[in-house]
Amino acid sequence: SKRHKVAVVGSGNWGSTIAKIVAENTRAHPELFEEDVQMWVFEEEVTIPKNSKHYPGDSAKPEKLTSLINKYHENFKYLPDIPLPTNLVANPSVENAVEGASILIFNLPHQFIGRLSQQMRGHILPFARGISCIKGVHVTDASVSLFSETIGKGLGIYVGALSGANLATEIAKEKWSETTIGYDPPMLDSRTPTPRGPSPQASTDDLKGLQHLDVHGEVSSVKLTPLPSDYPPIDHALWHTLFHRQYFHIRVIHDVAGVSLGGALKNIVAVAAGFVDGRGWGDNAKAAVMRVGLLEMVKFGKEFFAETVDPATFLEESCGVADLITSCSGGRNHKCAKMSVEEGLSINEIEKRELNGQKLQGTSTAYEVHSFLNSRGLAHEYPLFTAVYNILEGNNTVDDIPDLISKPGE
Ligand code: NAD
Ligand code: 13P
């Protein structure tokens, strides 16, 4: 029988960390997976930094990032000082990296996935399945969708989502955290009332006879190809095995929309939290912003993903309030927003100066969500999301936040 070949699309701070985890697990489970994991790397020239133990001295010169990763098993630019497994192979060609892979992990800043999806078209196995670790939402004209959905539709495969309270640098150092995977492919058992909570054995990916179903379980032009029966089933148990480590605990649930929306929308709230911290207002102000932000996250889910989202996910799972809390303390969106207020510089300038090529998701998500809400005349119903947009645009200041988001009572 066959084993799954795994490819990771993306190799930034989180992309490299998830690739490390996955490669550790493919090595630990040869009965299920081929050992080598391909990781697509956006190629660039990188010089080994002076403070690295691999610094070659005066002979240091820029080299291709893929060559450096494959030689030293370290991503010097996006995840320095973390040893990567030797069975993780950096590949500059996305078409080549995903070739023959039955499992695809998408993990890159959301602004780049559209172009990458187009490049992958026609190069992936038709029966592949995926997980998106991307935090953001896809907004076009007046519509909003999850990246798991847009990637899945674009490639004609089913894609679930992984998201949680997961600051990458902590996990890369193998400090314990937990995460949530949402996976609910269209098949008979997932169309009966959705069981809640982790259910590692709940579903198998036997799509035989269901080829007319699309990625939402609806009849449409996107046809899913069944997984050949000589592969291990791609189900909740398999995702658990591929991602779970002693330092990275997994809960697999069915609520893909809840998993994706928590990770996307908390980034806007983290920017707001950074703003009030930068203003020097302290923990009470930050808690107020987080309270209103959480309410807007739940409202957004109920309003635009009513059919699929379970509002309880926002409270009960790592991808909800737990991610909000960690991001509003130790995240990059929070850090850059705070510095921008302290120094009176734009958040984009701070991002360029501080993040060495890593990308913020909260600022673009604030613009995208605002454009979507505004086109529906609903911006005023989401005062915190709207305040973040207006502060970024220069229409409001941080001092306006209390009046913008406070409601006097019933
Ligand atoms: P990152 O912020 O480190 O971004 C840098 C990556 O973007 C690099 O791999 C770089 O090569 C790539 N890149 C730059 N320009 C590009 C281009 N033109 N085309 C394609 N790729 C390009 O990325 P990350 O931290 O891996 O984040 C990926 C996703 O994971 C995001 O949605 C993020 O919100 C989410 N996430 C991040 C963390 C974290 O702590 N870093 C934790 C959880 C989730
Ligand atoms: P930042 O992108 O703000 O660093 O957030 C990381 C994250 O998603 C933590 O779960």
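Computed from a predicted model, the values in this text were never measured in an experiment. For this chain, numbers begin at 1 and follow the sequence in order. Read the numbers this way: they start at 1 and go in the same order the structure lists the ligands and their atoms.
- Listed by atom number, the atoms of ligand 2 under 4.0 Å from Gly164 heavy atoms are 10 (O).
- Contacts with ligand 2 closer than 4.0 Å are made by side-chain heavy atoms of Asp323 only, the backbone lying farther away.
- For Glu24 and Arg245, the salt-bridge test passes: some basic side-chain N is under 4.0 Å from an acidic carboxylate O.
- Which parts of ligand 2 touch Gly331 is read off a 4.0 Å heavy-atom cut-off, strictly below it: atoms 3 (O), 4 (O).
- In this model, a donor atom of one side chain and an acceptor atom of the other lie less than 3.5 Å apart for Thr313 and Asp255.
- Under 4.0 Å from any atom of ligand 1, one finds heavy atoms of residues Ser11, Gly12, Asn13, Trp14, Gly15, Trp40, Phe42, Glu44, Tyr78, Asn107, Leu108, Pro109, Phe112, Arg115, Cys133, Ile134, Lys135, Asn166, Leu167, Ala168, Arg332, Gly357, Gln358, Lys359, Gln361.
- Using 4.0 Å as the threshold, Lys335 has no heavy atom nearer than that to any atom of ligand 2.
- Aromatic ring centres of Tyr72 and Phe76: separated by under 6.0 Å.
- Note on ring orientation: taking the six-membered ring where Trp is involved, the planes of Phe248 and Trp14 are perpendicular (angle over 60°, cut-offs 30° and 60°).
- Those atoms of ligand 2 with a heavy atom of Lys266 less than 4.0 angstrom away are 5 (O), 6 (C), 7 (C), 8 (O).
- For ligand 2, the atoms lying closer than 4.0 Å to a non-hydrogen atom of Asn166 are 9 (C), 10 (O).
- Considering backbone and side-chain N/O atoms, His334 never comes within less than 3.5 Å of an N/O atom of ligand 2.
- Taking the six-membered ring for Trp, His138 and His110 have ring centres at least 6.0 Å apart.
- Between Tyr247 and Trp176, the distance from one ring center to the other does not fall under 6.0 angstrom.
- Contact record, Ala97 with Trp40: CB-CB, 4.1 Å, taken as the closest heavy-atom pair.
- Contact between Lys135 and ligand 2 is present, with at least one heavy atom of the residue lying under 4.0 Å from the ligand.
- Heavy-atom minimum distance, Leu108 versus Ile134: O-CG1, 3.4 Å.
- Ligand 2 has no atom lying under 4.0 Å from any heavy atom of Gly330.
- Summary of contacts: the protein heavy atom closest to atom 3 (O) of ligand 2 is Asn333 ND2, 2.7 Å.
- Between His4 and Phe33, the ring-plane angle classifies as tilted under the 30° and 60° cut-offs.
- Ranking the protein heavy atoms by distance from atom 4 (O) of ligand 2 puts Arg332 N, 2.7 Å first.
- Each of the atoms 7 (C), 9 (C), 10 (O) of ligand 2 lies under 4.0 Å from some heavy atom of Ser327.
- For the side-chain contact (heavy atoms from CB on, under 4.5 Å) with Val41, the qualifying choice from Ile69, Asn75, Val9 is Ile69, the only one to do so.
- Screening Ile250, Thr179, Ile171 for a side-chain contact (heavy atoms from CB on, under 4.5 Å) involving Ile21 leaves a single residue, Ile171.
- In this structure, Lys299 satisfies the cation-pi test against Tyr382, with its NZ or CZ atom closer than 6.0 Å to the six-membered ring centre and inside 45 degrees of the ring normal.
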